[in-house]
Trainee: 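Provided herewith is a single structure, encoded as structure tokens, for subsequent inquiry.
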Amino acid sequence: MKTSWRSASLVAAAAALALTTACGSDTPQSTGSQNVGAAPAANGVGNDYGAGTSTPTPGAGQAGAGAQAQTAGQLAVSKNKALGEVVTDGAGMTLYRFDKDTASPPKTNCEGDCATAWPPVPASDATAAAGMDKTLLGEVTRADGTKQLTLDGWPLYRYAKDTKAGDTKGQGVQGTWYASAPDGKKAAADAAEAGAGEDAGAEAADLPGLSTRQDPELGEVVVDKKGYTVYRFEKDVPWPMKSNCVGECLEKWPVVEPVDAADTKGIENKVEGRRGYVVLNRPDGLKQQSIDCWPMYTFAGDKKPGDINGQGVGGTWYAMAPDGSAIKK
């Protein structure tokens, strides 16, 4: 009887071990993206505002919690060396737009903690800047009933970490926040397209969620749907999978959001002989794609498709190969 009990125990233990998935999770592997790690944020937005694991403390001056109720006044257009023409409010604070909002019809998707980090600009008392098409100004009604200023349909926000006129600290945060140009388009997008050229912009628009390109220096590197280089962080841990880029680190290194395995080209996302192609549910609420259990990032310092400005930064950041390995050339 004792021998039978021991045999049964060994069989059960072996079965449990066989079900232990790649990356240290407790769900079976799949060729599609599986979630591992912590549960997502309850509000559905997570920390998409790029502030890490907590809501950022508002700075001095106009930005911060008080800025949410402060009207825009007479808008202005300022010249930014890196971004070109940028819209500001009457106090010179940069105004931003959010890629997860919609312009047609206007709709805001920044609520709760997100709206604390990115105070919505009230629509009342806002007037167009000199030379700006005033018919582009409008408003959208938020969930709480307040009216938010829009530009060509895009809701406008300030950023809590901008503490003085001319600050553009919100530029490119999480790859979804951009300073607004006078026509309502993204200031960053205009600058990038000007540097990349028409052909590069057209090529990037046709890319799948993840694919590869041939870099003249590094060889085959992974790129995201916009053609931007994807990196891995040597201080991360692949098993059990853990990201050690948190807080302000994420402002420079935005996470790559989940990509279905079918929406890839040239990526080694099959499980045979590998640890899998899974999504990490981060403790800060963000969802992050991985290859071979290595979390994936882009670099805010890359301004156009094809840039590899993040390569070798700090001796810990490297472009990612199709199998998830670091390219250290």
Side-chain angles (χ1 to χ4, degrees), residues 33 48 50 82-83 99 171-178 186-236 238 241 243-245 248-261 263-269 277-280 282 286-329:
S33 295
D48 282 351
L83 304 177
D99 275 359
Q171 179 66 15
V173 168
Q174 284 301 299
T176 54
W177 291 93
Y178 296 92
K186 294 184 285 189
D190 294 342
E193 287 169 4
E198 294 182 4
D199 292 341
E203 182 182 353
D206 297 331
L207 293 177
L210 286 173
S211 59
T212 65
R213 67 172 175 81
Q214 277 296 135
D215 184 87
E217 297 180 16
L218 303 180
E220 192 175 18
V221 301
V222 178
V223 297
D224 68 4
K225 62 184 177 181
K226 297 180 181 179
Y228 284 77
T229 303
V230 170
Y231 300 87
R232 60 176 255 182
F233 185 32
E234 295 300 273
K235 291 186 179 180
D236 284 350
M241 183 162 58
S243 167
N244 285 309
C245 179
E248 293 185 1
C249 174
L250 292 176
E251 296 185 13
K252 292 184 178 179
W253 303 93
V255 305
V256 173
E257 295 183 347
V259 177
D260 190 273
D263 188 26
T264 66
K265 183 177 180 180
I267 305 299
E268 296 188 19
N269 54 26
Y277 177 73
V278 298
V279 172
L280 173 64
R282 299 166 54 94
L286 298 177
K287 293 177 179 288
Q288 184 173 15
Q289 186 63 58
S290 74
I291 295 179
D292 197 29
C293 302
W294 283 97
M296 308 170 75
Y297 309 81
T298 53
F299 181 44
D302 286 346
K303 300 305 182 184
K304 63 181 184 298
D307 280 355
I308 52 170
N309 299 321
Q311 178 67 6
V313 169
T316 54
W317 291 93
Y318 295 95
M320 182 177 279
D323 64 355
S325 62
I327 303 174
K328 300 181 179 181
K329 292 186 178 180

Trainee: For K265, enumerate each residue passing the side chain to side chain donor-acceptor pair (under 3.5 Å) test, keeping only those at least two apart in sequence or located in another chain.
Mentor: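 K265 satisfies side chain to side chain donor-acceptor pair (under 3.5 Å) with no residue once adjacent residues are dropped.
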
Trainee: Side chains of K226 and P305: closer than 4.5 Å at any heavy-atom pair?
Mentor: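 No - every pair of side-chain heavy atoms lies 4.5 Å or more apart.
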
Trainee: Contact between R213 and T229 at the side-chain level, heavy atoms closer than 4.5 Å - yes or no?
Mentor: yes

Trainee: Taking atom CG of D236 and atom CD of Q288, what is their separation to the nearest 0.5 Å?
Mentor: 7.0 Å

Trainee: Partners of N244 by side chain to side chain donor-acceptor pair (under 3.5 Å), sequence neighbours excluded?
Mentor: none

Trainee: Can you measure from CG (D292) to OG (S290) and round to the nearest 0.5 angstrom?
Mentor: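 D292 atom CG to S290 atom OG measures 8.0 Å (nearest 0.5 Å).
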
Trainee: How close do P254 and A300 get, heavy atom to heavy atom, and via which atoms?
Mentor: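 Result for this residue pair: CD-N, 4.1 Å.
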
Trainee: For Q214, enumerate each residue passing the side chain to side chain contact (heavy atoms under 4.5 Å, CB included) test, keeping only those at least two apart in sequence or located in another chain.
Mentor: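 Per chain and number, Q214 pairs via side chain to side chain contact (heavy atoms under 4.5 Å, CB included) with E220.
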
Trainee: Salt bridge or not for D263 and K225, using N-O below 4.0 Å?
Mentor: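 Looking at K225 together with D263, the answer is no, because their closest N to O distance does not fall below 4.0 Å.
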
Trainee: Any idea which heavy atoms bring D302 and G310 closest together, and the distance?
Mentor: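 That would be OD1-N, 3.7 Å.
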
Trainee: Considering residues at least two apart in sequence or located in another chain, which fulfil the side chain to side chain contact (heavy atoms under 4.5 Å, CB included) criterion with A326?
Mentor: R232, E234, Y318, K328

Trainee: Side chain of Q311, backbone of I327: donor and acceptor closer than 3.5 Å?
Mentor: yes

Trainee: Tell me whether the centres of the aromatic rings in Y231 and W253 are closer together than 6.0 Å.
Mentor: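 Yes, the ring centres sit under 6.0 Å apart.
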
Trainee: Does the side chain to side chain contact (heavy atoms under 4.5 Å, CB included) test come out yes or no for L218 and I308, once each step is laid out?
Mentor: CA-CA 9 Å; L218 303 180; I308 52 170; 4.1 Å; yes

Trainee: Find out whether Q174 and L286 are in side-chain contact, i.e. whether some heavy atom of one side chain is under 4.5 Å from a heavy atom of the other.
Mentor: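 In contact.
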
Trainee: Evaluate the side chain to side chain contact (heavy atoms under 4.5 Å, CB included) criterion for residues E268 and I291: first the C-alpha distance (whole Å), next the side-chain angles of each, then the deciding distance (0.1 Å), finally the verdict.
Mentor: CA-CA 8 Å; E268 296 188 19; I291 295 179; 5.5 Å; no

Trainee: Are the side chains of D307 and Y228 in contact, using a 4.5 Å heavy-atom criterion?
Mentor: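 No, too far: nothing below the 4.5 Å cut-off.
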
Trainee: Do you know which two heavy atoms are closest between Y178 and K186, and how far apart they sit?
Mentor: CD1-CD, 3.2 Å

Trainee: Please give me the minimum heavy-atom distance between C245 and L250, naming the atom from each residue.
Mentor: O-CD2, 3.3 Å

Trainee: How would you list, by chain and number, every residue that makes a side chain to side chain donor-acceptor pair (under 3.5 Å) with S243, sequence neighbours excluded?
Mentor: R282, Y297

Trainee: Can you see which heavy atom on I267 is nearest to which on T212, and at what distance?
Mentor: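 Closest approach of I267 to T212: CD1-CG2, 4.0 Å.
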
Trainee: I would like to know whether V255 and L280 meet side chain to side chain contact (heavy atoms under 4.5 Å, CB included); could you show each step before the answer?
Mentor: CA-CA 10 Å; V255 305; L280 173 64; over 6 Å; no

Trainee: Is the shortest heavy-atom distance from the side chain of F299 to the side chain of N309 under 4.5 Å?
Mentor: yes

Trainee: List in chain and number order the residues that pass side chain to side chain donor-acceptor pair (under 3.5 Å) with S211, two or more places apart in sequence or in another chain; answer none if no residue qualifies.
Mentor: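 Per chain and number, S211 pairs via side chain to side chain donor-acceptor pair (under 3.5 Å) with no residue.
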
Trainee: Test side chain to side chain contact (heavy atoms under 4.5 Å, CB included) on V230 and Q289 and set out the steps.
Mentor: CA-CA 11 Å; V230 170; Q289 186 63 58; over 6 Å; no

